[in-house]
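Notes follow the structure.
Protein chains get the first letters and strands the later ones, always in sequence-line order, with residue 1 at the start of each.
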Number of protein chains: 2
Amino acid sequence: MGAWGTGLYSGDFALDMRSTIRAVARLPVYLRSLLEVAATGTTTISSETLAEMAGVNAAKVRKDLSYLGSFGTRGVGYDVQYLLFQMSAELGLNQEWPVVIVGVGNLGHALANYRGFGERGFPVGALVDADPARRGERVGNLVVHGMDDLDEIVGTHGIAIGVIATPASAAQDVADRLVAAGIRAILNFAPAMVTVPDTVSLRKVDLAVELQILSFYQQRQLPAATA
Amino acid sequence: MGAWGTGLYSGDFALDMRSTIRAVARLPVYLRSLLEVAATGTTTISSETLAEMAGVNAAKVRKDLSYLGSFGTRGVGYDVQYLLFQMSAELGLNQEWPVVIVGVGNLGHALANYRGFGERGFPVGALVDADPARRGERVGNLVVHGMDDLDEIVGTHGIAIGVIATPASAAQDVADRLVAAGIRAILNFAPAMVTVPDTVSLRKVDLAVELQILSFYQQRQLPAATA
DNA sequence: GCATGTGAATAGATTCACAGCG
DNA sequence: CGCTGTGAATCTATTCACATGC
């Protein structure tokens, strides 16, 4: 039975949670491969094929998928459509999750114009900036709001996820305000450590860190072990 | 003695490499904390303080730093300036590493306008796009070149790192061309698996995947274990 | 027969705990 | 004395290998 439940055992997730953050992080990669396969009309796929597409070990694929439930058929493989359905459901991708971007400087502007979020089910619902001078500025088809509007914005737009794209110095304060406004998932692009209550999910992306890691291996003239 | 060498033992890196990709990925985070501390004029720092700033365990900090060499003083801590100097050297941050961005669509455009790269020592040296219609287009103070110019661009601008910001379908081809042009470090933003010869370093950032991971925990109403 | 699902084995990373040294 | 540096212990993740069931 799925460690993450199939709806039959709601409530015991935390107890029965045999999965790991790493397994969760791989699910979207499998999903991508499945979508690719589905587009060719293929109806079933083996863990081996899926593993090759995702660039991982086949046993890992099977174990990761087993956390979702026993969706495969022995001797056959996985039904592509069924697995897609189950995985989308587990990842919560059957609904849209509007995001608010806080900080409309260089990066925030860039992210606001990036259509990739919306295309994948995370439409940018609102923009917020602490600088009063930016208030009212148009970016794409959105208007920049002040920080004080955060509570209202989160409510009216059904915002689920906050994206921090401020300078490092403002990141913690922004995180606190997002949490206070009821946001329970944050993606932090600011190059700063941010802490949140443990009821809130937090992921971090630091573009410069990625480049610095490459620079390290470049410097050493060693290839980086792929992360 | 430093597992990564101090210049005394050049050549034995691969053999003596006790470090891990994960330790390497934490160095830039320590660097950031050190810069912060240095700005306040503090001259020494303990592993405990550094650990707290970086949000990790103190023993981990000490072990990570020990890979660079024995730079601390027992009973005292680490000299901030000296550690900064050594770490910058190990990370190859005493020089600039110009990058070429391939793909000037939404994300590529966004990244090209993002000043964060240049500010941290990774200036955007050139822009390239496969679409002939984009050739000659200006983005900031750069002009978009065709893919065929890649070899020449890499040479004349001393490009060290390639950034892939194309659609998924083009990513592997672009990676191949970057490698053929002599690039040995690649940061891939395209939502696709890319393989490169093992002489080339490859890192991957998929913004949608980060959001999907948050969505998973949101869906479950569980907080994400921070990555 | 064949590929899943999963205990057991292995590999890897983190943390402990303390000897060593300024 | 206090804090580093590191072997040993622990914890986590990956991979193996095979019993299981279509």
Are any protein N/O atoms closer than 3.5 Å to N/O atoms in nucleotides 8-11 of chain C? If there are, list each pair with its distance.
residue: dA8(C); atom: N6; partner: K63(A); partner atom: NZ; Å: 3.4

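- By the side chain to side chain contact (heavy atoms under 4.5 Å, CB included) test, A38(A) pairs with V80(A), Q81(A), L84(A), sequence neighbours left out.
- Residue Y67(B) places no side-chain N or O under 4.0 Å from the OP1 or OP2 atom of dA13(C).
- Applying the ring pair (Phe, Tyr, Trp, His ring centres under 6.0 Å) rule to Y114(A) yields the partners F117(A); only residues at least two apart in sequence or on another chain are considered.
- Checked against the 6.0 Å centroid criterion, the rings of F71(B) and Y82(B) qualify as a close aromatic pair.
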N/O donor-acceptor pairs under 3.5 Å from side chains in residues 186-193 of chain B, not counting sequence neighbours:
residue: N188(B); atom: OD1; partner: A190(B); partner atom: N; Å: 2.9
residue: N188(B); atom: ND2; partner: A190(B); partner atom: O; Å: 3.4
residue: N188(B); atom: ND2; partner: A192(B); partner atom: O; Å: 3.2

In a table with atom names and distances, give each donor-acceptor pair under 3.5 Å that connects a side chain of residues 52-60 of chain B to protein atoms at least two apart or in another chain.
residue: N57(B); atom: OD1; partner: A59(B); partner atom: N; Å: 2.6
residue: N57(B); atom: OD1; partner: K60(B); partner atom: N; Å: 3.3

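- With sequence neighbours left out, Y30(A) forms a ring pair (Phe, Tyr, Trp, His ring centres under 6.0 Å) with no residue at all.
- At least one side-chain heavy atom of V196(A) sits under 4.5 Å from a side-chain heavy atom of V194(A).
- Shortest non-hydrogen contact noted between A89(A) and Q219(B) is O-NE2, 3.0 Å.
- In terms of phosphate contacts, R26(A) brings a side-chain nitrogen or oxygen within less than 4.0 Å of OP1 or OP2 of dT14(D).
- Every pair passing salt bridge (Lys or Arg N to Asp or Glu O under 4.0 Å) that includes a residue from residues 25-37 of chain B is listed here, sequence neighbours excluded: D206(A)-R32(B), R26(B)-D64(B).
- Atoms CG (D64(A)) and P (dT6(C)) sit 13 Å apart, rounded to a whole Å.
- With respect to K204(A) and E210(B), no salt bridge is recorded, no charged nitrogen being found less than 4.0 Å from a carboxylate O.
- The separation between L68(A) atom CG and dT6(C) atom P is 12 Å, rounded to whole Å.
- Atom-to-atom, CD1 of I21(B) to P of dA13(C) comes out at 10 Å; the value is rounded to the nearest Å.
- Side-chain N or O atoms of E96(B) include none that pairs as donor or acceptor with a backbone N or O of P123(B) at under 3.5 Å.
- Taking atom CZ of residue R62(A) and atom C1' of nucleotide dC18(D), one finds them 11 Å apart after rounding to whole Å.
- Looking at residues 47-61 of chain B, you'll see S47(B) sit with a heavy atom under 4.0 Å from some atom of DNA chain D.
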Which pairs, protein N/O on one side and nucleotides 10-12 of chain D N/O on the other, fall under 3.5 Å?
none

For nucleotides 20-22 of chain C, which of its nitrogen or oxygen atoms have a protein nitrogen or oxygen under 3.5 Å away, and what is each distance?
residue: dG20(C); atom: N3; partner: R74(B); partner atom: NH1; Å: 3.1

Output side-chain donor-acceptor pairs under 3.5 Å for residues 170-179 of chain B, partner residues at least two apart or in another chain, one line each.
residue: Q172(B); atom: OE1; partner: T195(B); partner atom: N; Å: 2.9
residue: Q172(B); atom: NE2; partner: D176(B); partner atom: OD1; Å: 2.9
residue: Q172(B); atom: NE2; partner: T195(B); partner atom: O; Å: 3.0
residue: D173(B); atom: OD2; partner: R177(B); partner atom: NE; Å: 3.4

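- Contacts between residues 33-41 of chain B and DNA chain C, defined by a heavy-atom separation below 4.0 Å, involve no residue at all.
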